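As the structure is a prediction and not an experimental result, all values here were calculated from the model. Below, each value reflects all heavy atoms present in this structure, side chains not excepted, and no hydrogens, waters or symmetry copies.
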Amino acid sequence: MSNYNIVWICSDQQRWDTLQCLGFKGTQTPNIDRLAARGTAFARAYSQSPICTPSRTSFLTGMYPIAHQVHQNGAGAFPSHLRLIPKLMANAGYYTGHIGKLHLSATRQMIEKRPDDGYAEFYWSPEPFPEWSGDHDYHAWLWDKGVDPETYFKPYQHQHYGPGPAAEYRQVRWAGDRAERFIKMHSDRSWYLAINIDAPHPPLRKTI
């Protein structure tokens, strides 16, 4: 078993030219900038598909869309013959976890059907807004803090741009809390953790 721990952080609909470290001055991205300074920023990396589910399938299988044949969002189920990277990691002895959006099959107003993904811990939240009842871990986190998701998001349901809800209750804060807990709990083993947040997917919110 390897001694490496692996974190995959995937923001949603974020172009490369929205980062200060790559020359954009319109936003502040200090944490991403620090990661880039300590690692590698790929200036000529390309998404394999402009559509969410096919692109995520390429990430999680290592295959081009022409090979995995997943070409659209909203499919009822994910193809069972495709082998996902977290499953391979689990088979190799890594402890695996997922936080946030998976979106390998339909999610609109329904609980997503999970494939044989290999995740030992799974904290699902396809997006922040309350369209689902049950199994939405971000909303469970809000309830634990005494916040009703319906009431919290109601003023922003039809707002495309603006200050948005209070920063301390946003989905990114939930994802950070879940990730910190996962890393601390499994510090004595090799692990693979995927963090897939909805931000900065529209509607756009100003970070406070």
Side-chain angles (χ1 to χ4, degrees), residues 4-14 31-32 35 52-53 55-57 59-61 73-75 77-78 82-153 156 164-201 205 207:
Y4 289 105
N5 294 321
I6 300 170
V7 182
W8 174 43
I9 304 173
C10 181
S11 57
D12 203 314
Q13 294 195 12
Q14 184 170 19
N31 294 318
I32 296 176
L35 288 173
C52 187
T53 295
S55 178
R56 291 175 183 276
T57 302
F59 265 116
L60 292 174
T61 62
N73 295 339
F78 188 73
L82 294 176
R83 301 183 68 189
L84 299 177
I85 288 175
K87 180 68 173 182
L88 297 176
M89 298 296 289
N91 291 342
Y94 282 79
Y95 189 78
T96 56
H98 177 88
I99 299 169
K101 175 184 286 189
L102 185 63
H103 202 194
L104 294 179
S105 60
T107 63
R108 184 60 58 191
Q109 296 182 330
M110 62 184 295
I111 303 298
E112 181 175 3
K113 295 179 180 178
R114 286 178 59 185
D116 184 15
D117 52 44
Y119 289 118
E121 293 186 27
F122 191 82
Y123 304 102
W124 186 69
S125 175
E127 64 178 64
F129 290 102
E131 292 190 9
W132 301 264
S133 59
D135 293 330
H136 194 159
D137 190 72
Y138 167 54
H139 291 172
W141 178 82
L142 286 175
W143 279 113
D144 286 344
K145 294 183 175 296
V147 177
D148 177 357
E150 293 280 352
T151 303
Y152 176 64
F153 280 106
Y156 312 103
E168 64 265 31
Y169 299 128
R170 293 184 187 175
Q171 190 201 43
V172 290
R173 182 62 58 84
W174 157 81
D177 284 357
R178 288 288 187 255
E180 184 177 9
R181 186 181 70 172
F182 179 95
I183 292 169
K184 287 181 177 178
M185 288 180 61
H186 306 296
S187 60
D188 60 343
R189 64 171 90 184
S190 296
W191 46 259
Y192 163 91
L193 177 64
I195 306 171
N196 288 247
I197 56 175
D198 188 65
H201 191 295
R205 312 296 184 203
T207 300

Requested in this report: Given salt bridge (charged side-chain N to carboxylate O under 4.0 Å, His left out), test Asp198 with Arg170 step by step and report yes or no.
Outcome: CA-CA 10 Å; Asp198 188 65; Arg170 293 184 187 175; over 6 Å; no
**Report entry** Ser190 side chain near Asn5 side chain, heavy-atom distance below 4.5 Å
**Finding:** yes
Query raised in the report: Taking the six-membered ring for Trp, are Phe59 and Trp8 ring centroids under 6.0 Å apart?
Result: yes
**Report entry** From Thr96 atom OG1 to Leu88 atom CG, the distance as rounded to the nearest 0.5 Å
**Finding:** 11.0 Å
**Report entry** Side chains of Leu142 and Phe153 in contact at under 4.5 Å (non-hydrogen atoms)
**Finding:** yes
Query - Pairing residues for Asn31 by the side-chain hydrogen bond (donor to acceptor under 3.5 Å, both in side chains) criterion, not counting sequence neighbours - result: Arg34
Query raised in the report: Taking side chain as C-beta onward, heavy atoms only, is Leu84 less than 4.5 Å from Asp116?
Result: no
Report summary line: Distance col, row Thr61:OG1 vs Leu82:CG, nearest 0.5 angstrom, shows 6.0 Å
Query - Residues which pass salt bridge (charged side-chain N to carboxylate O under 4.0 Å, His left out) with Asp137, listed by chain and number, not counting sequence neighbours - result: Arg178
Query - Side chain proximity check, Trp191 to Ile6, heavy atoms < 4.5 angstrom - result: no
Report task. Using distance alone, with no hydrogens and no angle criterion, decide if Tyr95 and Glu121 have a side-chain donor and acceptor under 3.5 Å apart. Result -> yes
Query raised in the report: What are the two closest non-hydrogen atoms of Pro149 and Pro130, and how far apart are they?
Result: O-CG, 4.0 Å
Query raised in the report: Once you round to the nearest 0.5 Å, how far does NE2 of His103 lie from CD of Glu112?
Result: 7.0 Å
Query raised in the report: Measuring from Leu102:CG to Phe122:CZ, what's the distance to the nearest 0.5 Å?
Result: 4.5 Å
Requested in this report: Hey, could you give me the CD1/CG distance between Ile99 and Leu193, rounded to the nearest 0.5 Å?
Outcome: 4.5 Å
Query raised in the report: Using the ring of each side chain (for Trp, its six-membered ring), is Tyr192 parallel, tilted or perpendicular to Tyr119, with breaks at 30° and 60°?
Result: parallel
Requested in this report: Let me see the working for Leu60 and Lys87 under side chain to side chain contact (heavy atoms under 4.5 Å, CB included), right down to the final yes or no.
Outcome: CA-CA 10 Å; Leu60 292 174; Lys87 180 68 173 182; over 6 Å; no
Query raised in the report: Just wondering, do Val147 and Trp141 contact through their side chains at under 4.5 Å, heavy atoms?
Result: no
Query raised in the report: Backbone N or O of Ala166 within a donor-acceptor pair of the Tyr152 side chain at under 3.5 Å?
Result: yes
Query - Atom pair CG (Leu104) and NZ (Lys113), whose distance is rounded to the nearest 0.5 Å - result: 14.0 Å
Query - Test item: Asn196 side-chain N/O and Cys10 main-chain N/O as donor-acceptor pair under 3.5 Å - result: no
**Report entry** Sub-4.5 Å side-chain heavy-atom contact between Arg83 and Asn91
**Finding:** yes
Requested in this report: Ignoring hydrogens and angles, tell me if any N or O in the side chain of His139 forms a donor-acceptor pair with the backbone of Pro128 under 3.5 Å.
Outcome: yes
Requested in this report: For a side-chain contact (heavy atoms from CB on, under 4.5 Å) with Tyr138, tell me which candidate from Glu127, Arg173, Gln171 qualifies.
Outcome: Gln171
Requested in this report: Please tell me if the side chains of Arg181 and Tyr123 come closer than 4.5 Å, counting only heavy atoms from C-beta onward.
Outcome: yes
Query raised in the report: Given side chains that start at C-beta, do those of Cys52 and Gln13 come closer than 4.5 Å, heavy atoms only?
Result: no
Query raised in the report: Does the side chain to side chain contact (heavy atoms under 4.5 Å, CB included) test come out yes or no for His98 and Asp117, once each step is laid out?
Result: CA-CA 10 Å; His98 177 88; Asp117 52 44; over 6 Å; no
Report summary line: Heavy atoms of Gly118 and Ala90 approach each other most closely as O-CB, 3.7 Å
Query raised in the report: For Ile32 and Gln14, what are the C-alpha separation, side-chain angles and deciding distance, and is it a side chain to side chain contact (heavy atoms under 4.5 Å, CB included)?
Result: CA-CA 12 Å; Ile32 296 176; Gln14 184 170 19; 4.3 Å; yes
Query raised in the report: So which heavy atom on Ser11 is nearest to which on Pro200, and how close?
Result: CB-CD, 4.0 Å
